[in-house]
S.K.: 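There's a structure below that I have some questions on.
Residue numbers run from 1 in the order of the sequence given. These figures come from a predicted structure and were not determined experimentally. All heavy atoms count here, side chains included; hydrogens, waters and symmetry mates do not.
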Amino acid sequence: MAASTTTLPVAAARHPIAGSLGTLMVGALGVVYGDIGTSPLYTLKTALEWAGGSAAEAADGMLSLIIWTLIITTSIKYVGIVMRADNEGEGGILALMARLALKGRERRGLVLIGILGAALLYGDGAITPAISVLSALEGLKLPLPAVTPYILPLAVVILVGLFGLQHKGTAVIGRLFGPVMIVWFLSIGLLGLLGVAAHPSILFAFDPRHGLRYLATHGFAGFTVLGAVFLSATGAEALYADMGHFGARPIRLSWYGIVLPMLLLNYAGQAALVTAGEVPEGGNPFFLLGAAWLQVPLVGLSTVATIIASQSIISGVFSMTRQAIHLGLCPRLNVTQTSATGYGQIYVGLVNWLLMFFTIGLALSFGSSDNLAAAFGVAVSLTMLLTTLLMYKMMREQWHWTLPLALAVAGPLAVVDSSFVTANLTKVMEGGWVPLLAAALMFLLMDAWRSGRIAMAHELDRETMPLDQFIKSMTNEVKVPGTAIYLSRRAAVVPVAMLHNVKHYHVLHMRNVILSVETEQVPRVGPGQRVSVTDLGSDFYHVLLRYGFMEHPDIPAVLETCLCGTEPFDMMQTSFFLSRVSVDDAGPQRRLNPLFRHLFAWMHRNETDATEFFRIPRNRIVELGARVEM
C-alpha cells in the first residue's frame, strides 16, 4: 500500500497579546524596563569614579555621552531598528539566530554567534540582581551611616528571598510591577527636574560636542569611562527579548513617552548637582537629588525597583533557557509553567539555583556595586555587538537592503558597539573576567550538546535500517491488540526501540505509530499545522507533531485530537516505547573531540526524562535500552 499523507503546510502562529494598549504599556514598564530603568542608581556615580580628576569639570561631558548612548544604542538601534527583526512576534538573540541560521540549511557560523550571545546573557542574568540590589541599599550610607556594615548581609537576604520565591511564579506580584515602575519613573523624573531647574545650564550637555570634547581631551582615561557610560544602556537587550510578551508598539510608546524622558531628566539632574559641587567625593548624586527626609523613602522605592529589575532578568533567563532547549542547544530540563494564562511565566529549577549561587557569590566576592560595575558591562556590550552582526545579515538577506545602505546603518552601530566592548575590556582584570568566564563555560556546554546530538544521531542511524524496508519484512510477525507509539527523531529509519522490541519479543501491535516531535524555527505553530499523519501501510503510521520554540510539548493532549486510520487514540490501549540511550564516551569511536564527548555524555546522563518533558503518562511507558559509542 502506498503511503498517503494528511498534512498542512507549516505556518507560524503569533501568540495573541491580550490587553489594551494602555495595559500593555504599563506591563512593559514593569517587565521590560526594570534593568535600564534602575541604571541611574549607579551609572553616573561609577563614571565619575572611573574618570578621576575634577568631577565637576567632567560631569557635563559624561552626561552628554550618557544622553547620546541612550539615543543611539537604545532609541535608534534597538527601538528603531532591531525590534523590526522579530521572529513571528518574538525577539531576542536566539530568536534572531533561529530566523537567520536554522531555516533551511544550518549555518554553523551564525549558530555559534547566537550561542555566544545567549551565553553572555547568562552572565548578565547573575550580575544584574547583585549590582542593582547593592546599589539601592547603599543609598542608606548617607542618612543612616550606622547600617553600612549590614548592607551586604541585607542584600544577600533579599537575593535569597527573591530566588527562593521563583517557584511560586510572578502571576500575582507581576500585576504590581507596572504601577510600581510608573511611580519609580515619575519620581526619578521629578527629582531630576528639580536638579535641572536649579542649574539649567546643564542642558547644554545635550549637544554631542560636549561628549566628543571630553573623549578628545582626556586620552585613555576618558576612553575607559565609556565602559561606565555604557551601564546606562545595559537593559536595552531586554527591549528586544521581551517583544513577545507585549508587542513592539507598547514597548516603543513606553520608551519614547515615559522611560526615555524620565531617564534623561534624572541623569541631567544628577550631573547638575555634580557641576555645582554639591556632591561630596564618593557620594551618589542620585540619592542627593531629593531633600534629606526623602533619602530613606527613596532607598525603599529603589530597593523595590531593583527587585523588579532582578525579577525581570531572571524570568528572561528562564525564557531563554526554554528557547535553547527547543533549539537543540541545551539538554532537556524540568520546565514548570507557573501560570495558566501567562505563557512566559515559567520556572526552571536548576537554572534558578545555579543563578542564585552565582549571584550571591558575586555579591559576597565584590562586596559593593562600585566593584561589580567593572564586571557588569562586558557581557552585555559583547551581546549587543553580536546582535548588530546578525542584524547586518538580516538587512542583506531578508530585508534585501543594498550593500551601501546596510553598511551605512550597521557600520556606525558596529563602531559604537565595538567602542563600548573595547572600553569594557580594559576592566577585565578588575572583574570583567567573571562574566567572560561564565559565558565561555555556557558556550562550551551548549556547543558540546549541539555537536553531541548530531554525532549521536549519526551513530544511531548506523544501527538501524530504512523504515519502508522494515515494514515490508514484517508481514509474518504476530500482532497483539492495542497501539504502540515509538518516539523517533527520524521518520525514514526504524526507531531503535522498535527494532529491539521485534528482536526480543517477535511481536508487533495492531497499530504501530512512529512519532516525531519537531521544533520549528518559529515561536509558535498554529493549531491547524500541529499534526501531520502519514499512512505507511500495513498498519504503520508516521505522526509528526510540530511545536514552536516558545511552546511546551504535550503529546497525549495532541494525540487525543487526531486519527490514525479510522480509529482515535485511546490512551488506555496505547503504549509508548522509548529508547533509553546510554552514551559510551570511552568507546573506540572518535566522532567528537574528547572534551565535547565527555561533556555530552555527562549532560545526556543528567538531562530530564523525555517522559516528563513530553508529559507522557508514566504508566503507559515501556523503555528499551540502547548503547552508543562516541
S.K.: Testing Leu193, Leu194, Leu260 one by one against Leu265 for a side chain to side chain contact (heavy atoms under 4.5 Å, CB included), which residue passes?
M.R.: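 It is Leu193, the one option of Leu193, Leu194, Leu260 that forms the side chain to side chain contact (heavy atoms under 4.5 Å, CB included) with Leu265.
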
S.K.: Main chain of Phe420, side chain of Asn424: is a donor-acceptor contact present, judged purely on distance under 3.5 Å?
M.R.: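 Side chain of Asn424 to backbone of Phe420, a donor-acceptor pair under 3.5 Å: yes, one is there.
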
S.K.: Any donor-acceptor pair under 3.5 Å linking the side chain of Ser319 with the backbone of Ser315?
M.R.: no

S.K.: Grab the two heavy atoms, one from Arg546 and one from Gln529, that are nearest each other, plus how far apart they are.
M.R.: NH1-O, 3.5 Å

S.K.: Report the distance from atom CE of Met384 to atom CG of Leu413, rounding to the nearest 0.5 Å.
M.R.: 11.5 Å

S.K.: With sequence neighbours left out, write down each residue that passes salt bridge (charged side-chain N to carboxylate O under 4.0 Å, His left out) with Asp35, or none if nothing qualifies.
M.R.: none

S.K.: Does a side chain donor of either Tyr267 or Ser39 reach within less than 3.5 Å of an acceptor in the other side chain?
M.R.: yes

S.K.: Got a second to check how far Met97's CE is from Leu386's CG, nearest 0.5 Å?
M.R.: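 Rounded to the nearest 0.5 Å, the CE-CG separation comes to 11.5 Å.
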
S.K.: Might you point out which heavy atoms bring Tyr240 and Val82 nearest each other, and give the distance in Å?
M.R.: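 Nearest pair, atom of Tyr240 first, then Val82: CE1-O, 3.5 Å.
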
S.K.: Short question: side chain of Arg530, backbone of Val558 - any donor-acceptor pair under 3.5 Å?
M.R.: no

S.K.: Kindly determine whether Met394 and Arg99 satisfy side chain to side chain contact (heavy atoms under 4.5 Å, CB included), including the steps that lead there.
M.R.: CA-CA 9 Å; Met394 174 69 69; Arg99 177 170 173 176; 3.5 Å; yes

S.K.: Can you say whether the rings of Tyr347 and Phe318 are parallel (under 30°), tilted (30 to 60°) or perpendicular (over 60°)?
M.R.: perpendicular

S.K.: Quick check against the 3.5 Å criterion: does Ser232 have a side-chain atom that pairs as donor or acceptor with the backbone of Thr43?
M.R.: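 Such a contact is absent between Ser232 side chain and Thr43 backbone.
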
S.K.: Measure from the side-chain N and O atoms of Thr128 to the backbone N and O of Gly125, and report whether any donor-acceptor pair falls under 3.5 Å.
M.R.: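 No, because the side chain of Thr128 does not come within donor-acceptor range (under 3.5 Å) of the backbone of Gly125.
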
S.K.: Are the side chains of Tyr547 and Val525 in touch, meaning some heavy atoms are under 4.5 Å apart?
M.R.: no

S.K.: Give a yes or no on whether the backbone of Ala130 and the side-chain of Thr359 come within a donor-acceptor separation of less than 3.5 Å.
M.R.: no

S.K.: Backbone N or O of Ile115 within a donor-acceptor pair of the Asp447 side chain at under 3.5 Å?
M.R.: no

S.K.: Rounded to the nearest 0.5 Å, what's the gap from CG on Leu29 to CD1 on Ile258? Could you check?
M.R.: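 Answer for the CG-CD1 pair, Leu29 versus Ile258, is 5.0 Å.
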
S.K.: Answer whether the closest heavy-atom distance between the side chains of Leu110 and Lys393 falls below 4.5 Å.
M.R.: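 A side-chain contact exists here, since the closest heavy-atom pair is under 4.5 Å.
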
S.K.: Looking only at the side chains, is there a donor atom on one of Ser75 and Trp255 sitting less than 3.5 Å from an acceptor on the other?
M.R.: yes

S.K.: With the side chain counted from C-beta on, respond yes when Leu333 and Ile325 share a heavy-atom pair under 4.5 Å apart, and no when they do not.
M.R.: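 Yes, close enough: below the 4.5 Å cut-off.
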
S.K.: In Å and rounded to the nearest 0.5 Å, what is the CD1 to OG distance from Ile182 to Ser187?
M.R.: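 That separation rounds to 11.5 Å.
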
S.K.: Side-chain contact, heavy-atom cut-off 4.5 Å: Thr234 with Phe230?
M.R.: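 Yes, at least one pair of side-chain atoms sits under 4.5 Å.
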
S.K.: So, does Ser254 use its side chain to make a donor-acceptor pair with the main chain of Ile251 at under 3.5 Å?
M.R.: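 No, the answer is negative, given that no donor and acceptor are paired below the 3.5 Å cut-off.
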
S.K.: Between Leu407 and Tyr392, is a side chain to side chain contact (heavy atoms under 4.5 Å, CB included) present by the stated rule, with each step listed?
M.R.: CA-CA 8 Å; Leu407 289 175; Tyr392 172 76; 3.9 Å; yes

S.K.: Show, in sequence, the C-alpha distance, side-chain angles and deciding distance for Leu63 and Leu44, and conclude whether the side chain to side chain contact (heavy atoms under 4.5 Å, CB included) test is met.
M.R.: CA-CA 8 Å; Leu63 174 60; Leu44 188 59; 5.7 Å; no

S.K.: Quick check: closest heavy atoms across Leu327 and Ala98, and the distance to 0.1 Å?
M.R.: CD2-CB, 4.1 Å

S.K.: Does Ser64 reach the side chain of Asp207, with side-chain heavy atoms less than 4.5 Å apart?
M.R.: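 Side-chain contact under 4.5 Å: no.
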
S.K.: Is the shortest side-chain heavy-atom distance between Leu545 and Glu518 below 4.5 Å?
M.R.: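 In short, these two side chains do not touch, never coming nearer than 4.5 Å.
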
S.K.: Under a 4.5 Å cut-off applied to non-hydrogen side-chain atoms, are Pro435 and Leu120 in contact?
M.R.: no

S.K.: Nearest heavy-atom pair of Ala119 and Met442: which atoms, and what distance?
M.R.: CB-CB, 3.6 Å

S.K.: Answer yes or no: is there a donor N or O on one side and an acceptor on the other, between the side chain of Ser132 and the main chain of Pro129, under 3.5 Å?
M.R.: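 It does not hold such a pair.
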
S.K.: Can you confirm whether Phe204 is buried at CZ, in the sense that more than 12 heavy atoms of other residues, nucleotides or ligands lie under 6.0 Å from that atom?
M.R.: no

S.K.: A side-chain contact here means heavy atoms from C-beta on lying under 4.5 Å apart; do Leu298 and Phe287 qualify?
M.R.: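 The answer is yes, as the side chains (C-beta and beyond) meet within the 4.5 Å cut-off.
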
S.K.: Would you tell me whether Asp417 and Thr388 have side-chain atoms, one donor and one acceptor, within less than 3.5 Å of each other?
M.R.: yes

S.K.: Which atom pair, heavy atoms only, marks the closest approach of Ser418 to Leu385?
M.R.: OG-CD1, 3.7 Å

S.K.: State the CD1-OG1 distance between Ile36 and Thr74, to the nearest 0.5 angstrom.
M.R.: 4.0 Å

S.K.: List the atom of Tyr33, the atom of Met181, and the distance in Å for their closest heavy-atom pair.
M.R.: O-CE, 4.2 Å

S.K.: If we ignore hydrogens and angles and just use 3.5 Å, is the side chain of Trp184 paired with the main-chain N or O of Gly34 as donor and acceptor?
M.R.: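 No, the answer is negative, given that no donor and acceptor are paired below the 3.5 Å cut-off.
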
S.K.: Measuring from Ile307:CD1 to Leu159:CG, what's the distance to the nearest 0.5 Å?
M.R.: 8.5 Å

S.K.: In this structure, which one of Leu94, Ile93, Leu329 forms a side chain to side chain contact (heavy atoms under 4.5 Å, CB included) with Gln323?
M.R.: Leu94

S.K.: Leu65 vs Tyr214, test: side chain to side chain contact (heavy atoms under 4.5 Å, CB included). Steps then yes/no.
M.R.: CA-CA 9 Å; Leu65 291 173; Tyr214 175 82; 4.0 Å; yes

S.K.: Just by distance, no angles: are the side chains of Tyr122 and Thr321 close enough, under 3.5 Å, to form a donor-acceptor pair?
M.R.: yes

